[in-house]
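Input: a single structure, listed below in structure tokens.
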Amino acid sequence: NEISVYIHLPFCEKLCTYCGCNTRITKRHSVELPYVEAVLREWASYLNLFDRRPIVKELHLGGGTPTFFSPKMLKLLVGTILETVEIAPNADMGFEAHPSSTTEAHLVALRNLGFNRLSIGIQDFNQNILKLINRFQTEEQITFLTHKARELGYTSINYDLIFGLPTQTEADIIASMEKTIALKPDRLAFYSYA
């Protein structure tokens, strides 16, 4: 009686070299509105398959980089969908966050829509390794997102970390884990570089 909804937001400003996701690399944010409109047309076609308002137990925004989209565009997309469904008690609503593009305004907008989980793509804390995989973010950005999300009432924070990255050593992994432990995420995804 309940459904899970995943919305793929494929745009990124830069391509991380480890990425295997379906992405579109651009710095043209003019793609946001046409993409949101297309997703909402697709959603409207799905609604015709139900004989009543669907009950959503999970809603997840993935990518790509969901926070490539402005808070205003995310509110338009998610808010329009939420107007057409019922939300299950204890629903999980989460999104993937890139530390360099996720702002406080993103966190506030999505929290106000009911989001309670975020997954932060960290991969490694070592700046030299991040440069090799074409990913640009700082420890300060990660710390800010983690603390601000908790302050706003997000109940689950996940960190994504990768092992086997170029030049990464056991010492790098231990250092990243120590920083992770200090920030106390609720969940951890630790997977191998492919």
Side-chain angles (χ1 to χ4, degrees), residues 5-9 11-14 16 18-19 21 23 29 32 57-79 82 87 89-163 165 168 171-191 193:
V5 179
Y6 171 79
I7 302 171
H8 191 68
L9 301 170
F11 300 105
C12 297
E13 289 194 353
K14 295 182 179 190
C16 301
Y18 62 84
C19 184
C21 300
T23 59
H29 286 266
E32 292 181 41
K57 67 176 177 177
E58 294 175 326
L59 175 62
H60 186 78
L61 306 180
T65 306
T67 52
F68 171 94
F69 288 75
S70 71
K72 178 182 177 181
M73 286 292 115
L74 292 173
K75 284 193 277 190
L76 174 63
L77 173 64
V78 176
L82 292 180
I87 298 297
N90 303 316
D92 276 327
M93 295 174 61
F95 69 99
E96 297 170 12
H98 190 309
S100 70
S101 67
T102 306
T103 65
E104 182 174 350
H106 283 106
L107 292 175
V108 170
L110 291 168
R111 183 71 191 113
N112 288 341
L113 288 165
F115 282 74
N116 54 4
R117 297 175 57 184
L118 81 150
S119 180
I120 304 173
I122 293 170
Q123 321 326 340
D124 197 285
F125 281 89
N126 182 307
Q127 289 296 310
N128 293 325
I129 293 171
L130 292 174
K131 186 174 181 181
L132 286 172
I133 60 173
N134 202 36
R135 191 165 179 93
F136 301 95
Q137 63 202 29
T138 65
E139 187 176 336
E140 292 74 24
Q141 289 169 323
I142 294 163
T143 301
F144 170 79
L145 280 182
T146 302
H147 293 316
K148 183 54 71 175
R150 285 199 176 107
E151 180 185 311
L152 291 170
Y154 284 84
T155 56
S156 180
I157 299 170
N158 174 76
Y159 283 6
D160 284 349
L161 295 169
I162 300 176
F163 63 89
L165 290 168
Q168 189 183 51
D172 293 318
I173 294 169
I174 291 169
S176 285
M177 287 298 177
E178 287 172 347
K179 290 177 180 184
T180 297
I181 290 166
L183 289 167
K184 301 179 182 175
D186 305 282
R187 298 169 57 128
L188 177 65
F190 186 49
Y191 54 96
Y193 178 64

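Index from 1, following the sequence.
- Of the possible donor and acceptor atoms, one in the side chain of Asp186 sits under 3.5 Å from a partner among the backbone N and O of Ile157.
- When every heavy atom of Thr23 is checked against every heavy atom of Gly64, the shortest pair comes out as CG2-N, 3.7 Å.
- For the pair Pro99 and Ile142, the minimum side-chain heavy-atom distance is below 4.5 Å.
- Side-chain contact between Phe125 and Gln137: absent, with no pair of heavy atoms (C-beta onward) separated by less than 4.5 Å.
- Summarising the geometry, atom CE belonging to Met177 is positioned 5.0 Å from atom CG belonging to Leu188; distances are rounded to the nearest 0.5 Å.
- Taking CG from Leu110 and CE from Met93, the interatomic distance works out to 8.5 Å, rounded to the nearest 0.5 Å.
- With Leu118 as the partner, the side chain to side chain contact (heavy atoms under 4.5 Å, CB included) test is satisfied by one option alone out of Leu61, Asn158, Leu107: Leu107.
- Side chain of Glu96 to main chain of Gly63: a donor-acceptor pair is present (N/O by atom type, distance under 3.5 Å, no hydrogens or angles).
- Looking at Phe68 and Glu32, their side chains come closer than 4.5 Å, going by heavy atoms from C-beta outward.
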Next on the checklist: Evaluate Lys57 against Asp92 for side-chain contact (heavy atoms from CB on, under 4.5 Å), listing each step before the verdict.
Outcome noted: CA-CA 6 Å; Lys57 67 176 177 177; Asp92 276 327; over 6 Å; no
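- In the displayed structure, Arg150 atom CZ is contacted under 6.0 Å by more than 12 heavy atoms of other residues, nucleotides or ligands.
- To the nearest 0.5 Å, the span separating CD on Gln141 from CG on Leu145 amounts to 7.5 Å.
- Of all non-hydrogen atoms in Pro71 and His106, the two that sit nearest each other are CD-NE2, 3.6 Å.
- Taking OG1 from Thr103 and NZ from Lys148, the interatomic distance works out to 11.0 Å, rounded to the nearest 0.5 Å.
- With contacts defined as side-chain heavy-atom distances shorter than 4.5 Å, the pair Leu9/Phe69 qualifies.
- Going from atom CZ of Phe95 over to atom OH of Tyr154 covers 4.0 Å, rounded to the nearest 0.5 Å.
- Distance alone, capped at 3.5 Å, places no donor-acceptor pair between the Glu151 side chain and the Thr146 backbone.
- Put simply, the side chain of Lys14 does not reach to within 4.5 Å of the side chain of Ser101, judged on heavy atoms.
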Item to check | Residue pair Leu132, Leu165: steps toward the side-chain contact (heavy atoms from CB on, under 4.5 Å) verdict | outcome: CA-CA 9 Å; Leu132 286 172; Leu165 290 168; over 6 Å; no
Checklist entry - What do the steps show when you test His147 against Leu183 for side-chain contact (heavy atoms from CB on, under 4.5 Å), and what is the final call? => result CA-CA 8 Å; His147 293 316; Leu183 289 167; 4.1 Å; yes
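- Without hydrogens or angle criteria, Ser100 side chain to Phe136 main chain gives a donor-acceptor distance under 3.5 Å.
- Judged purely by atom type and a 3.5 angstrom limit, Gln168 uses its side chain to pair as donor or acceptor with the backbone of Ile162.
- Note that the OG1 atom of Thr67 and the NE2 atom of His98 stand 8.0 Å from one another [nearest 0.5 Å].
- Judged purely by distance below 3.5 Å, without hydrogens or angles, the side chains of His29 and Glu13 pair a donor atom with an acceptor atom.
- Sorted by first and then second residue, the side-chain hydrogen bond (donor to acceptor under 3.5 Å, both in side chains) pairs involving residues 173-183 (not counting sequence neighbours) are Asp124-Ser176, Glu139-Lys179.
- Relative ring orientation between Phe163 and Phe190 is described as tilted, the plane-to-plane angle lying within the 30° to 60° band.
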Next on the checklist: What verdict does the side-chain contact (heavy atoms from CB on, under 4.5 Å) test give for Phe144 and Glu104, after you've listed the backbone C-alpha separation in whole Å, the side-chain angles of each residue and the deciding distance to 0.1 Å?
Outcome noted: CA-CA 9 Å; Phe144 170 79; Glu104 182 174 350; 4.0 Å; yes
